[in-house]
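See structure below.
Throughout, a chain's letter reflects where its sequence line sits, starting with A, and its residues are numbered from 1.
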Amino acid sequence: MPVLGLRAIAKPQNGVGAFILQCKRLDFHYCDWAGSSRGMNAFIKSSLPAFAKRNPAIEISVSPRPNQHPVIIGHYINGRQKAICVRNLTNEGVRAKAELLRDASGEKNRRVTKPVSSLNESVRGIWSPLHGARIKI
Amino acid sequence: MKRIRISRCGSQLLAQPAPRRPLCPYAAGLQRNITPHSQRIQSRLQSTTATSDEFELEEGEQAQAGRSRRSRLETKHTPLEALPSPHPSAAERSSKLAALRSRLSLPQRFPLQTLARTLVHPSADPNPAFNNASLSALGSNLLGYYTTEHLLCNYPRLPMSVVFAAEYAYIGPKALATIASEWGIEAVAEPGGEVDPGLLQFKRLRPGDDVPAALRRQAPWKWNVTTTHKILTSDEFGTPTPFGSASLPKNEPVPLEDSAQSFVRALIGSLHLHLGRPLVKRFFRDHFLSRHLDLSTLFDFRTPTRDLSRLCAREGFEAPVARLISETGRLSRHPVFIVGVYSGKDKLGEGAGSSLDEARVRAAAAALKGWYLYKPVEVTVPSSTEGELDSSKWRPNMVDCGEVIV
């Protein structure tokens, strides 16, 4: 048996072949009575059908939550949730928050210091002091 | 070996002829498109499937199934909880299914009823007309075919054990379960007719219980299992026992991974039946081949220096010689040696190590990887010419004489 195969799993690269939207569900909670839900109620009545039509990959559920502030909860493929309270926001403000949840990846927010991360090794290679011409003093 | 036309694999022919629930209207349309050879063959097909070992129901179960079939006919009076899996008509109303379809960028003409059926594992619904066993068998073969042709055409010199490992990495059981979770598939707590059809329906293994023996895939060790033996008798991953839920007893609880795999395979099978070959190939390229796999990490050489010298002797190269290219700190605590393996004036490989021997072995392994991972520039896979009349685009693929045998 000169060579054996090691078992591994191919790593995912979302967006290289197919792109899977990471937000899979958005829950909209509103209150019929409280004033802080005024913008949310206007959003649900006027803009939500268009929003749902533009984003067919997201399952949308609307449910009342009496005597509470309105909230949007996003459920993500990695199993995490993100909730944003949208009290006293206008229709436009609620839409902006919904789009923010839609575009999020579900990961925790973290500061990105290196803009590029790659699974492929560097094309140019790593500099080696042991190769190339010797320096003659 | 039974012979069933590939497009019939997922059709309702595998079911008992008596009607139960309303059948999928799209499947009926599919059946109409196929021109039958003759009535006799059709009836033979039905009879063989009825007596096949894979889909036969046991006697006691059959009586039970008959009872449930009768009760399912009166759908209006039967509560949904009595059904083992969701009713096909519920698929149109499921927002989870519609979201899943557009998340995977499937076209609108792919029916939601079929997508719902791919999510029903045989452990939830033992009836082959409503579970995904047949679609899963078809999808498994398609996945194996497309992956194998990709690997063999692009890397003609790959050793067989590495081909097995690469197949496992792309479409192995663990890879498929990972893919299903990356698609956002959620599982039911308990299958039934009243649950949302957008959830994966299967009977859960309770925590602490043993995995059923059919799924454990442990064959007794044999001294005479060679690579040739694996090619002939094992599945595409070199695993000796045939895997999959086909041999599983009905209504047996299974782990989540197994039902998730069967969903992915069944989805490929149903895409093939509903949307055709080109779209399945595109789907496979986008979702499976686009994943990152570094084939050079799958090699595990035992004696690379000996293999390399045998390879050079076989190919008529000069015998390989290891030469020290550079070194630093020979007498220190952490020396570094750079060793190259040369055949005549050609450098075959290079390796770095903290001892001369380690560097030499690494260099020989790098040289062998350079040979085995050869990739032709232009490749036409066999499936690219399927169904096309002119074969002018076909370029014969390179066939190598194989790995070094020591």
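- Put simply, of B/T178, B/D286, B/V336, B/T226, the one with the most heavy-atom pairs under 4.5 Å next to chain A is B/D286.
- Atoms CG and CD1, on A/L26 and A/I58 in that order, are 5.0 Å from each other to the nearest 0.5 Å.
- In summary, the aromatic rings of B/Y146 and B/F288 are positioned with their centroids too far apart to meet the 6.0 Å limit.
- Contact annotation for residues 105-120 of chain A against chain B (heavy-atom separation below 4.5 Å, listed by residue number): A/L119, A/N120.
- Between chain B and the options A/R7, A/H131, A/Q13, A/E121, heavy-atom pairs under 4.5 Å are most frequent for A/R7.
- B/F301 and B/W371 have their aromatic ring centers separated by at least 6.0 angstrom.
- Using a 4.5 Å cut-off between heavy atoms, B/E350 contacts chain A through its side chain alone, with no backbone atom that close.
- Using a 4.0 Å cut-off between charged nitrogen and carboxylate oxygen, A/E59 and B/R103 do not count as a salt-bridge pair.
- The parts of B/F299 that come within reach of chain A are both its backbone and its side chain, each placing non-hydrogen atoms under 4.5 angstrom from that chain.
- Atom OG1 in B/T228 sits 9.5 Å away from atom CE in B/M160 (nearest 0.5 Å).
- Across A/S61, A/A8, A/P2, the residue that shares the most heavy-atom pairs under 4.5 angstrom with chain B is A/P2.
- Listed options B/G238, B/P304, B/A352, B/S102 were ranked by heavy-atom pairs under 4.5 angstrom with chain A; first place goes to B/S102.
- Taking NE2 from A/H29 and CD1 from A/I72, the interatomic distance works out to 10.0 Å, rounded to the nearest 0.5 Å.
- Checking side-chain atoms of B/E358 against main-chain N and O of B/S354 turns up a donor-acceptor pair under 3.5 Å.
- Most heavy-atom pairs under 4.5 Å with chain A, from the set B/R310, B/E182, B/H287: that is B/E182.
- Of the atoms belonging to A/F19, it is backbone heavy atoms, and not side-chain ones, that fall under 4.5 Å from chain B.
- Taking B/G184, B/A165, B/P159, B/S181 one by one and counting their heavy-atom pairs under 4.5 Å with chain A, the maximum is reached by B/G184.
- Contact annotation for B/A98: only backbone heavy atoms (N, CA, C, O) come within less than 4.5 Å of a heavy atom of chain A.
- For A/L4, the parts lying near chain B are the backbone and the side chain together; criterion is any non-hydrogen pair under 4.5 Å.
- A donor-acceptor pair under 3.5 Å is absent between the side-chain atoms of A/N55 and the main chain of A/A57, judged by distance alone.
- Interface remark: of the candidates B/L104, B/L289, B/T303, B/D300, B/D300 forms the most heavy-atom pairs closer than 4.5 Å to chain A.
- The backbone N or O of A/D27 lies less than 3.5 Å from no partner atom in the side chain of A/S63, so there is not a single donor-acceptor pair.
- In this structure a side-chain-to-backbone donor-acceptor pair under 3.5 Å is present from B/R101 to B/F110.
- Counting heavy-atom pairs under 4.5 Å between each of B/L100, B/V406, B/D294, B/L298 and chain A puts B/L298 at the top.
- For the pair A/S37 (side chain) and A/C31 (backbone), a donor-acceptor distance under 3.5 Å is present.
- The residues B/E186 and A/R25 are annotated as not salt-bridged, no charged nitrogen and carboxylate oxygen being separated by less than 4.0 angstrom.
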